[in-house]
2 protein chains.
Amino acid sequence: MAKHDPHLDDLFTALGDPTRRAVLARLARGPASVSELAAPHAMALPSFMGHLQKLETAGLIETRKQGRTRICRLAPDALAPALDWLSKQRALWSGRLDRFDNYVTRLNDARSQKEPPHGHPDRPRPAD
Amino acid sequence: MAKHDPHLDDLFTALGDPTRRAVLARLARGPASVSELAAPHAMALPSFMGHLQKLETAGLIETRKQGRTRICRLAPDALAPALDWLSKQRALWSGRLDRFDNYVTRLNDARSQKEPPHGHPDRPRPAD
DNA sequence: GAATTACTTAGGCGTATGGCTAAGCATGAT
DNA sequence: ATCATGCTTAGCCATACGCCTAAGTAATTC
């Protein structure tokens, strides 16, 4: 079940920045050098390198030095964990949403009308 | 294509925190009150509320007040944009990766063995 | 109506993030 | 050898983040 995966932290955080997503999108069209990647981004190179650093730390890109230029490319399956978490989560959501929505709506309605002394009944514990 | 979508920033950033992901996971089993959600998280309530706030800002959860308790539940299709971006991206990656990987590997190999005086040949400029 | 409960608001604190400039290497070209 | 290029390191700054305590407000309970 993955208690809390620190890798996912890095992954999602890395994706949470437009510059970094743009770099990934650009990189999807093929490897590129640092300065090439930095060109469209209107920021000083060291700042930009910071972004690359995070992408690499998150395992989203791989870089290697070739002469004095550093070539960056995408890491093959780096998106898999994120995609995996998201799709699992969505599967749960869609499965449960309507059921519980109905349940709670009904519950609230009952409470605001009747004020049962019991407080809240045991939550349904959806089969686990 | 989405030049840079600020919504995605919020979405991914919200997902980049273990507490917030845990809340979502928990919430996938059904709606819950703030204090119920906060219970397993060993932090002061205001701190925890900050996380809920971000989840709501990101559009991942919806909350409404019922008496003095606030009920939180998942927002139906909130994950879709993130999932969408990721899967599109992955589609691009897998399409290009091997092609360019081969190209670059071959290129580097040639250079480190022969050191051609030409410098780097024109990169392939993938169609665009 | 007074106490309890469940949030909420206000404000503070330390660290991380995202940006900058200015030097500092290496490598490649002349 | 010299110079230009391409990245790297070092250091600074402002803001945002994640956490806290303390005090406030609104709804239930007694």
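The chains referred to below are lettered A, B, ... by the order of the sequence lines, with proteins before strands, and numbering in each begins at 1.
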In short, A:L15 meets B:F12 closest at the heavy-atom pair O-CD1, 3.5 Å
Under-4.0 Å side-chain N/O to phosphate OP1/OP2 contact, [X] with [N]:
X: A:T69; N: D:dG6; answer: no
X: A:H51; N: C:dG19; answer: yes
X: A:S35; N: D:dC7; answer: yes

Nearest to the side chain of [X] - [options]?
X: A:L45; options: D:dC7, C:dT8, C:dC7; answer: D:dC7
X: A:R68; options: D:dC19, C:dG28, C:dT5; answer: C:dG28
X: B:R70; options: D:dC7, C:dT8, C:dC7; answer: C:dT8
X: B:A44; options: D:dT8, D:dT21, C:dC7; answer: D:dT21

Would you mind reporting whether A:L24 and A:L60 have side-chain heavy atoms less than 4.5 Å apart? yes
Using nucleotides 11-17 of chain D, report all nitrogen or oxygen pairs with the protein that are shorter than 3.5 Å.
none

If the threshold is 4.0 Å, N to carboxylate O, is there a salt bridge linking A:D84 and A:K88? yes
Classify B:G50 by what it touches in the nucleic acid, base, sugar-phosphate, or nothing, heavy-atom distance under 4.0 Å.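 The residue B:G50 makes no contact with any strand.
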By the 4.0 Å heavy-atom rule, please label B:S33 as base, sugar-phosphate, or nothing. sugar-phosphate
Which residue, A:F48 or B:K65, contacts DNA chain C at a nucleotide closer to its 5' end, judged by nearest heavy atom?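 Looking at DNA chain C, the more 5' nearest nucleotide goes with B:K65.
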Overall bend of the helix from C:dG1-D:dC30 to C:dT30-D:dA1 (five pairs an end, 10° steps) is 20°
